[in-house]
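Count residues from 1 along the sequence. Please read these numbers as outputs of a predicted model, since none were measured by experiment.
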Amino acid sequence: MKTERSTKAPSTPRVPAGDPLVGERYEVEVGAVAHGGGHCVARHEGRVLFVRHALPGEKVIAQVTEGTTKSRFLRADAVEILTPAKDRIAAPCPFSGPGKCGGCDWQHVTSGGQRKLKVAVLTEQLTKLAGLTPAEAGWDGSVEPVGGKLPAGEVPAWRTRIQYAIDPATGRTGLRRHRSHELEPVDRCLIASEGVSELGVESRTWPGIASIDVIAAAGSSDRQVILAPTPGSQLPIVELDKPVSIARVDEQDLIHKVHGRSFVRERAAGRTWRVSNGGFWQIHPEAPDTLVNAVLDGLDPQWGESALDLYCGVGLFAGALADRVGEDGAVLGIESSKQAVVDARHNLAVLDNVRIEHDRVETLLPRTGITSTDLIVLDPPRAGAGRETVAHLAGLSARRIAYVACDPAALARDLAFFREGGYRPVSLRAFDLFPMTHHFECVAILEPIGEPTN
């Protein structure tokens, strides 16, 4: 899941015309899980309800949270469970539930039940948007767990990066409620990694601060806190429970070092990676190696081959590819974030067979003059690569393409575009890298249509 640091509150949902139905309660039978938002589909008197905190097959009392008599659909929370599903459990987090923290979607579901919901979402998106069955996509129909098995009732503490919003009245830390500006005060996030929790950010008050990004590197003891002051406020003296680097955000949303390093060091794929100023890095501690291994297994890079790493970030896949194609091979990485490019060049400086360029993929790639390559890795933002970029990539005659996706709908759309360009998926794996949420990550391997698979 790629996340962007933002100090702004979420925008207010547009309210359509009609009489408001917020607060109305309906008894409904819950249908299938839907893509995005952690909700399931139900109907009341012919109108669709997207219901959170419910599970397929349940009978619930759904309370409307958004919508009017003129709305095409309503949003609702399951506030009373009349007939529970077998995968339902009591939510272990006290801040989870209707009207509370919007960070976790499925605290009320067993870990196996969560993965079944993700399987259903991916299956539907492949069918609806790509016209593919799981077998046709090369997918075994599972979402693979990542990390060790936990005792019943224990929540995986996987999130190494968290942005807390601060209550302006009390200075307390909180997390946004679902689709809301309102804060749910929290004194402990159960999915926060130990490295985040051990700093004690949640136990302090933060007057004059709008938000705090907390970063706990999984590959080192590096900890970083990025403070966004409210307009006109000065930074407080920061004293936390562990050594930490401090940075601040100015009114132009630029980040400045206050104390310590401006970066954290991560460890993955056999080397150390510098990630500066809250730049993108996978937030599950096992995600980088999990995804690199899936990409390398699928591509099977050979000595002397050429490769593209698109949307390359700080160079994770580019570095892994360079090791495999060797000094006779070549890897080109393209990334739109200027700071990520600086980090990638630093991280891969010892590799003479890697070049990192700064620009948007869709802008730079056509200007490179590259007409063919052996391998391609693309890890686009949530919206996907899009028809134009996919068409360009399909024209490069790559032996194999690895597509790393954080959104199943975008993946399915792009797979359909690749089919138009003569490529088909021969392997698809899904990984549960965001437990308790509706998010998951996929790695698809594509080959030219008509060529034999291994």
Student: If every non-hydrogen atom of Ala76 is compared with every non-hydrogen atom of Thr65, which pair is closest and at what distance?
Tutor: N-OG1, 3.6 Å
Student: Taking side-chain hydrogen bond (donor to acceptor under 3.5 Å, both in side chains) as the cut-off, I'd like each qualifying pair that reaches into residues 21-32, sequence neighbours left out, listed once.
Tutor: Arg25-Gln63
Student: Hey, does Tyr403 have a side-chain heavy atom less than 4.5 Å from the side chain of Leu428?
Tutor: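 Contact flag for Leu428/Tyr403 side chains = no.
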Student: Kindly indicate whether the side chain of Val60, heavy atoms from C-beta on, has any atom under 4.5 Å from the side chain of Val30.
Tutor: yes
Student: Pairs under 3.5 angstrom only: tabulate donor-acceptor contacts from the side chains of residues 194-203 to other protein residues two or more places apart or in another chain.
Tutor:
residue : atom : partner : partner atom : Å
Ser197  : OG   : Ser193  : O            : 3.4
Glu198  : OE2  : Arg223  : NE           : 3.2
Glu198  : OE2  : Arg223  : NH2          : 3.3
Glu202  : OE2  : Tyr164  : OH           : 2.7
Glu202  : OE2  : Cys189  : N            : 3.0
Ser203  : OG   : Gly200  : O            : 2.8

Student: I'd like to know if the side chain of Arg47 and the backbone of Thr69 have a donor-acceptor N/O pair within less than 3.5 Å.
Tutor: yes
Student: Hey, could you give me the CG/CD distance between Leu411 and Gln125, rounded to the nearest 0.5 Å?
Tutor: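 So the gap between those two atoms works out to 9.5 Å.
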Student: Might you work through the side chain to side chain contact (heavy atoms under 4.5 Å, CB included) test for Leu122 and Phe440, ending with a clear yes or no?
Tutor: CA-CA 10 Å; Leu122 181 53; Phe440 56 101; 3.9 Å; yes
Student: Looking at OG of Ser262 and CD1 of Ile226, how far apart are the two atoms once the value is rounded to the nearest 0.5 Å?
Tutor: 10.0 Å
Student: Calculate, to the nearest 0.5 Å, the distance between atoms CD1 and NE2 belonging to Ile356 and His346 respectively.
Tutor: 13.0 Å
Student: Check Asp323 with Arg271, please: is the shortest side-chain N to carboxylate O separation under 4.0 Å?
Tutor: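 Salt bridge flag = yes for Asp323 with Arg271.
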Student: Would you say that Thr160 contacts Ile215 through its side chain, given a criterion of any heavy-atom pair below 4.5 Å between the two side chains?
Tutor: no
Student: Can you see which heavy atom on Val155 is nearest to which on Pro92, and at what distance?
Tutor: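 That closest heavy-atom pairing would be CG2-CG, 3.3 Å.
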Student: If you measure only the distance, is there a donor-acceptor pair under 3.5 Å linking the side chains of His35 and Asp407?
Tutor: yes
Student: Side chains of residues 139-149: which donor-acceptor partners sit under 3.5 Å, not counting sequence neighbours?
Tutor:
residue : atom : partner : partner atom : Å
Trp139  : NE1  : Ser142  : O            : 2.8
Asp140  : OD1  : Ser142  : N            : 2.9
Asp140  : OD1  : Ser142  : OG           : 2.8
Asp140  : OD2  : Ser142  : OG           : 3.3
Glu144  : OE1  : Arg429  : NH2          : 2.9
Glu144  : OE2  : Arg429  : NE           : 3.0

Student: In Å and rounded to the nearest 0.5 Å, what is the NE2 to CD distance from His53 to Gln107?
Tutor: 10.5 Å
Student: Between Arg159 (side chain) and Arg161 (backbone), is there a donor-acceptor pair under 3.5 Å?
Tutor: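 Checked: pair present.
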Student: Taking the side chain as everything from C-beta on, heavy atoms only, tell me whether Phe431 gets closer than 4.5 Å to Cys442.
Tutor: no
Student: Where is the tightest heavy-atom contact between Trp158 and Pro285, given as atom of each residue plus distance?
Tutor: O-CD, 3.1 Å
Student: Check whether Thr437 reaches the backbone of Phe434 with its side chain - one donor and one acceptor, N or O, closer than 3.5 Å.
Tutor: yes
Student: Okay, side chain of Glu58, backbone of Pro84: is any donor-acceptor separation there less than 3.5 Å?
Tutor: no
Student: Within this structure, what is the CG-CG distance for the pair Leu316 and Asp309, rounded to the nearest 0.5 Å?
Tutor: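 Leu316 CG to Asp309 CG: 8.0 Å, rounded to 0.5 Å.
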Student: Using every non-hydrogen atom in the two residues, find where Lys100 and Pro94 come nearest and quote the distance to one decimal.
Tutor: NZ-O, 3.2 Å
Student: When you measure from the side chain of Asp414 to the backbone of Gly386, do you find a donor-acceptor pair of N or O atoms at a distance under 3.5 Å?
Tutor: yes
Student: Please check: side-chain N/O of Glu136 versus main-chain N/O of Thr133, any donor-acceptor pairing under 3.5 Å?
Tutor: yes
Student: Would you check, one step at a time, whether the test side chain to side chain contact (heavy atoms under 4.5 Å, CB included) holds for Leu132 with Leu415?
Tutor: CA-CA 9 Å; Leu132 295 170; Leu415 288 180; 4.2 Å; yes
Student: For Phe50 together with Phe73, are the ring centres under 6.0 Å from each other?
Tutor: yes
Student: So, the side chain of Ser220 versus the backbone of Arg265: is there a donor-acceptor pair under 3.5 Å, distance only?
Tutor: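 At least one qualifying donor-acceptor pair exists.
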Student: Answer yes or no: are there more than 12 heavy-atom neighbours, outside Glu388 itself, under 6.0 Å from its atom CD?
Tutor: no
Student: So, for Thr272 and Asn347, which heavy atoms are closest and what is the spacing to 0.1 Å?
Tutor: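 The pair with the smallest heavy-atom distance is O-OD1, 4.2 Å.
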Student: Taking all heavy atoms of Val33 and all of Glu124, pick out the closest pair and write down the distance.
Tutor: O-OE1, 4.5 Å
Student: Less than 4.5 Å apart, any side-chain heavy atom of Arg399 and any of Pro448?
Tutor: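 Sidechains of Pro448 and Arg399: no contact.
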Student: Rounded to the nearest 0.5 Å, how far does CG of Leu21 lie from OG of Ser71?
Tutor: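 Here the interatomic distance stands at 7.0 Å.
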Student: Using the rule given for side chain to side chain contact (heavy atoms under 4.5 Å, CB included), can you reason through Leu291 versus Val443, listing the C-alpha separation, both sets of side-chain angles and the distance that settles it, and then say yes or no?
Tutor: CA-CA 7 Å; Leu291 296 174; Val443 175; 3.8 Å; yes
Student: Please lay out, stage by stage, how Arg400 and Asp300 fare under the test side chain to side chain contact (heavy atoms under 4.5 Å, CB included).
Tutor: CA-CA 9 Å; Arg400 284 182 185 166; Asp300 190 24; 3.6 Å; yes
Student: For the pair Lys118 (side chain) and His439 (backbone), establish whether a donor and an acceptor sit closer than 3.5 Å, ignoring hydrogens and angles.
Tutor: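 Yes: the side chain of Lys118 pairs with the backbone of His439.
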Student: Do any N or O atoms from the side chain of Asp343 and from the backbone of Val314 form a donor-acceptor pair under 3.5 angstrom?
Tutor: no
Student: Can any side-chain N or O of Arg387 pair as donor or acceptor with the backbone N or O of Val390 at less than 3.5 Å?
Tutor: no
Student: Within the 4.5 Å heavy-atom criterion, are Phe417 and Thr389 side-chain neighbours or not?
Tutor: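 No. Closest side-chain heavy atoms not under 4.5 Å.
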Student: Scan Ile445, Leu378, Leu299, Leu310 and name whichever one has a side-chain contact (heavy atoms from CB on, under 4.5 Å) with Ile401.
Tutor: Leu378
Student: Does a salt bridge link Asp241 with Arg204, judged by any charged N lying under 4.0 Å from a carboxylate O?
Tutor: yes
Student: Taking the side chain as every heavy atom from C-beta outward, state whether Val51 and His39 have any atom pair closer than 4.5 Å.
Tutor: no
Student: Is there side-chain contact between Leu183 and Arg176, with at least one heavy-atom pair below 4.5 Å?
Tutor: yes
Student: Please determine whether a side-chain nitrogen of the Lys or Arg among Arg179 and Glu66 lies less than 4.0 Å from a carboxylate oxygen of the Asp or Glu.
Tutor: yes
